[in-house]
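Given the structure is predicted, the values throughout are model-derived calculations rather than measurements. Lettering of chains follows the sequences in order, A, B, ..., and the numbering in each one begins at 1.
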Amino acid sequence: MTHISPPEIDEAGSTHARHETDAAAGSARRTANRITLIRRIVGKLLGAAVTLFGAATVAFLAQLALPGDRATVIFNIRAGQAIERTPEELAQINEQYGLLNPVLVQYVDYLRALVSGTLGMSYQQFRPVSEIILEQLGPTLTLTVTAIVLSWLIMVIWVTLTAGRGPRLSAFGAMVDTTAAGLPHYWLGSILLVVFALGLGWFPVISGTSTIGLLLPALTLAIPLAGFMGQATRAEFERTLQQPFIVTARMRGMSETGVRLRHVLRHSVLPAVTLSGWALGATISGAVIVESLFSRQGIGTVLITAVNAQDLPIVTGIVVLIAALYVVANLVVDVIYTLIDPRLPLS
Amino acid sequence: MTTTLVSEQDAAAQPRAADDVVLRARDLTVSFTRAGQQHQVVHSVSFELRRGECLAIVGESGSGKSVTARTLVGLTGAGARVDAGELSLDVPGTTDRVDLAHTRESQWRRLRGRRIGFVLQDALVSLDPLRPVGNEIEEALRLHGWGRRADRRRKAIELLDSVGVPQPEQRARQRPDELSGGLRQRALIASALALDPKLIIADEPTTALDVTVQAQVLALLADTKRRGVSQILISHDLSVVAELADQIAVMTNGRIVEAGTAEQVLRDPQHPYTRRLLAAVPGPHTRGARLSDLAPVTAQRHPHHDDGDTGPVLEARGLVKRFPRPDGSVATAVDNVSFTLERGQTLGIVGESGSGKSTTARIALALSTPDAGEVRLVGRDWSRVSERRRRALRRRISVVYQDPLSSFDPRWNTERILLDALPPGTPRAIRQSRVRELVEQVGLTDAVLQRFPLTLSGGQRQRIAIARALAPSPQILVLDEAVSALDVSVQAQILDLLDDLKRQLGLSYLFISHDLGVISHMSDDVLVMKDGRVVEHGTVEQIFTAPEHAYTAELVGVTSVAARQHPESLTLTDAE
């Protein structure tokens with residue numbers, strides 16, 4: 001094609017100067033963006049540290065606030081019977097766990113255990129809390145991550161197929177979203193179990209650790225989440241379909257499917273990405289129910305046992321762990337968000 | 001009739017086809033079905049576009065011009081019904097024509113981008129804001145199976161270069177928000193030109209741009225035309241059209257009311273609508289004349305705010321305003337700006353986006369405090385005193401913005417909006433009559449009082465915004481781009497209204513606009529701003545006949561295109 005000569009474009013003769021100013025402005029803007037980005041990352045990491053520290057401190061204070069003498073509680077957990085203890089017996093426990101030390105010293109010891117990664121010793125099992133949690137963390141993480149991936153798949157396919165497709169189909173799609181979002185885990189899990197495991201026999205009734213056994217519990221968590229994220233995504237999807245750049249893409253000869261997959265989807269998943277950070281934490285609490293329903297191993301069982309037995313180091317450990325997962329998930333969400341939408345907020 | 005598309009060959013090598021009509025529309029009718037009812041929005045529109053020509057379709061909002069344009073690429077919209085005696089596109093190198101009235105969606109997709117390129121306004125939203133502009137151009141190539149990935153990348157850079165984008169390799173990797181308005185509009189045009197279509201449809205391609213950038217983009221389109229690409233230009237702006245068009249079709253209410261060569265239509269308009277449209281364009285030659293044929297309003301002057309002073313109503317000395325940027329550096333938005341607004345006069349502040357004119361307005365209104373310098377209102381301290389002490393003076397100065405809709409509570413009707421704007425202490429007995437008086441002053445009737453902002457037209461909303469600004473009986477109105485979002489005929493009415501009000505109420509205006517035509521029509525004195533500084537200050541005559549600063553000369557040069565159509569104004573514009 002013929003080259004359109006720049007001098008034509010700018011008769012005032014300022015073409016050259018303008019281009020140079022533009023280039024300088026562009027590079028200055030990029031440097032500015034990079035500095036803003038670094039500031040943001042540092043800010044996020046500091047924020048994450050503060051959040052974790054806060055969660056750990058609250059968990060520690062909760063221990064102190066519980067009623068009853070802690071040495072007695074520990075003794076009773078170990079013995080499995082509730083009786084009065086002699087002062088000599090209690091003194092030994094108090095000595096071992098430093099329960100008579102000033103609160104500040106106990107707090108520092110607690111933080112030290114936290115930082116060293118052992119998270120203290122379980123009263124009941126005489127093992128480091130970190131060991132007990134790590135054993136059970138794998139199955140739970142597998143379950144929640146699978147659930148989130150599944151919910152994304154369901155949500156994206158459903159929204160792409162139904163959003164902005166005329167009033168009837170769109171309304172039907174939105175209705176399904178709302179219904180799915182409102183399904184209680186316990187009820188949905190029972191139905192899936194009765195229909196697909198007991199009735200049709202496609203899946204094992206007791207999930208265990210098998211891959212095939214993972215599907216029903218993961219779906220139980222995924223379907224309500226898909227409905228919930230679908231509501232946010234659908235609204236954004238339909239808004240994006242009206243944007244001028246979508247018209248431009250069509251004017252280039254792009255098909256409806258192409259427009260939806262290549263342009264609209266990227267814009268419309270942003271709210272769901274933000275929700276996913278929250279969802280990881282939320283599905284871990286959902287996992288407690290689902291694990292017991294499907295007889296799966298996992299952190300849920302450990303938490304229930306520990307709460308019933310007042311095995312405080314384990315409860316504290318799980319609280320801190322869930323806080324840590326929230327923090328990590330939100331950092332990951334921030335990174336993904338920036339990858340999808342590289343525009344930096346200028347304010 | 002449906003033909004298969006032949007592969008593109010070098011246009012120059014082709015024998016000249018017998019029929020050089022690229023696009024022909026005969027009795028094109030478009031209607032939409034809404035709530036079971038048919039609404040016809042385009043009525044029997046006919047036109048022919050010849051090779052290498054530019055046909056401009058001019059009209060105001062709601063005229064059906066954009067619907068017509070979209071129909072030409074089969075994207076009229078959901079629920080649309082298109083009928084045509086003929087709607088056909090030529091096939092280069094043959095005498096065959098593609099029948100666009102009976103084209104399937106799959107066939108449209110092959111035509112869009114390859115045979116017909118489309119450019120929308122404002123590339124900030126017309127290019128995917130999350131993707132680098134290079135990808136958008138490559139996408140246009142990919143959709144039509146053009147070359148391999150690496151070739152497409154190279155071609156995209158070539159295209160950017162060919163539309164005058166400097167450092168194209170680097171620019172291709174940037175997103176629209178990282179490029180200036182002019183560069184991203186060029187990138188948008190490059191994406192439409194990617195497959196070398198012989199027809200480009202441009203829908204308001206320069207509307208969102210500053211005037212100097214607009215001139216560059218128009219020059220680019222003119223170059224494209226010179227290369228033999230036929231164009232359909234959709235615009236509301238007669239100065240844009242005058243620059244580019246060979247043929248002009250004037251559309252209103254879905255009909256073409258006048259069509260002819262650009263020369264005929266602009267110099268010797270036959271239809272009353274065209275005449276009104278041309279007469280409504282403000283410029284130095286329209287000073288003191290009415291732009292619309294609306295009867296003047298009468299307004300009762302309230303004597304209480306006339307305090308017998310004769311000094312200037314608003315004075316600004318050495319204003320400076322700085323803002324921190326996100327990276328910590330400091331931007332100077334307003335740099336040593338001084339002006340004086342005399343009683344009963346209009347001071348125009350003109351500048352492009354980012355020139356600091358709106359920040360200056362905010363400081364004048366004491367909504368923002370200057371970092372240095374001071375503002376005096378009717379001879380008294382204004383910018384340096386506390387808000388408590390300002391309150392007594394507040395009612396002397398009011399403001400009207402570009403978009404009144406966002407400044408109205410959508411749940412309040414007009415009556416409540418105006419009652420709310422009356423100064424505290426207005427006796428209950430006269431509140432209702434005062435609201436009625438305000439509505440009359442701005443040329444509306446009582447019926448409007450019970451309506452809500454959303455149900456009013458753009459012109460009516462702006463009148464209500466003016467009525468609200470007048471409610472406290474101010475001496476000064478700050479008009480910040482107050483007519484910029486309006487159609488030219490509505491703009492003409494509002495400018496006439498402002499002129500009436502100024503004379504009858506003895507108002508002084510601080511008139512802020514990017515549009516030099518509007519500024520020259522309204523102002524006594526003009527301040528030209530660029531990058532936060534005042535580059536020129538003088539009377540309208542000085543600015544237009546003997547601009548001293550190069551920037552002013554450039555600005556005057558590019559804005560006076562429409563004025564060139566009026567022989568009586570040639571003396572003004574030739575002097576540059």
Side-chain angles (χ1 to χ4, degrees), chain A residues 1-16 18-23 25-36 38-40 164 166-167 240 243-256 258 262-264 266-267 270 340-347, chain B residues 70 73 75 78 105 108-114 116-118 120-122 125-131 136 139-140 143-144 158-159 161-164 166-167 170-171 174-175 177-180 183 188 191-194 196 212 215-216 219-220 222-224 227 325-329 550 554 557:
Chain A
M1 67 186 298
T2 32
H3 189 93
I4 297 167
S5 51
E8 278 291 335
I9 287 157
D10 212 328
E11 287 165 359
S14 60
T15 314
H16 195 61
R18 184 186 311 280
H19 292 170
E20 279 185 348
T21 336
D22 266 0
S27 100
R29 199 160 39 226
R30 267 191 308 287
T31 317
N33 280 354
R34 205 166 296 135
I35 292 169
T36 321
I38 291 166
R39 278 190 185 186
R40 251 164 49 111
T240 310
Q243 296 298 307
F245 66 87
I246 297 301
V247 178
T248 308
R250 293 188 204 275
M251 300 280 189
R252 273 179 211 135
M254 198 171 226
S255 64
E256 181 66 32
R262 286 188 167 257
H263 291 276
V264 182
R266 181 169 176 183
H267 289 257
L270 287 171
I340 296 178
D341 186 354
R343 292 172 297 178
L344 285 173
L346 281 172
S347 51
Chain B
R70 284 177 191 209
V73 286
L75 286 172
E105 176 60 22
W108 270 125
R109 291 211 297 270
R110 288 197 297 274
L111 293 172
R112 291 178 202 139
R114 173 147 60 170
I116 308 173
F118 208 107
L120 285 166
Q121 66 165 287
D122 194 7
V125 289
S126 296
L127 287 171
D128 193 331
L130 300 185
R131 302 170 84 199
E136 293 277 276
E139 182 177 274
L143 288 169
H144 296 277
E158 260 176 57
L159 281 161
D161 188 42
S162 74
V163 294
Q167 302 163 305
Q170 197 190 329
R171 301 298 182 192
Q174 289 178 311
R175 292 184 309 277
D177 65 308
E178 296 174 297
L179 297 175
S180 67
L183 286 185
L188 180 64
S191 80
L193 290 174
D196 211 5
T212 50
Q216 296 165 24
L220 171 60
D223 262 339
T224 316
R227 283 174 32 223
R325 288 203 187 94
D327 61 354
S329 68
E554 190 187 350

(request) Mind checking the CZ-CE spacing from B/R70 to A/M251? Nearest 0.5 Å is all I need. (result) 5.0 Å

(request) Kindly indicate whether the side chain of B/E136, heavy atoms from C-beta on, has any atom under 4.5 Å from the side chain of A/H263. (result) yes

(request) Select, from B/R131, B/R109, B/E105, the one with the greatest count of heavy-atom pairs under 4.5 Å involving chain A. (result) B/R109

(message) Which heavy atom of B/H144 sits nearest to which heavy atom of A/G253, and what is that distance?
(response) NE2-CA, 4.3 Å

(request) Report yes or no: does B/S126 contribute a side-chain atom to a donor-acceptor pair with the main-chain N or O of A/P244 at less than 3.5 Å? (result) no

(message) If I measure from the heavy atoms of chain A, does B/L120 come under 4.5 Å with its side chain, its backbone, both, or neither?
(response) side chain

(message) Any non-hydrogen side-chain atom of A/H267 less than 4.5 Å from a side-chain atom of B/P129?
(response) yes

(request) Give the minimum heavy-atom separation between B/L130 and A/R343, together with the two atoms involved. (result) CD2-NH2, 3.4 Å

(message) Report which part of B/L188 has an atom under 4.5 Å of a heavy atom belonging to chain A: side chain, backbone, both, or neither.
(response) side chain

(request) Enter the distance from B/D128:CG to A/R266:CZ here, rounded to the nearest 0.5 Å. (result) 6.5 Å

(message) Quick check against the 3.5 Å criterion: does B/R112 have a side-chain atom that pairs as donor or acceptor with the backbone of A/M254?
(response) no

(message) Out of B/A192, B/G113, B/S191, return the one with the most heavy atom pairs under 4.5 angstrom to chain A.
(response) B/G113

(message) Between B/V73 and chain A, with a heavy-atom cut-off of 4.5 Å, which part of the residue counts as in contact: side chain, backbone, both or neither?
(response) side chain

(request) Under 4.5 Å heavy-atom distance to chain A, tell me which part of B/A140 shows up: side chain, backbone, both or neither. (result) both

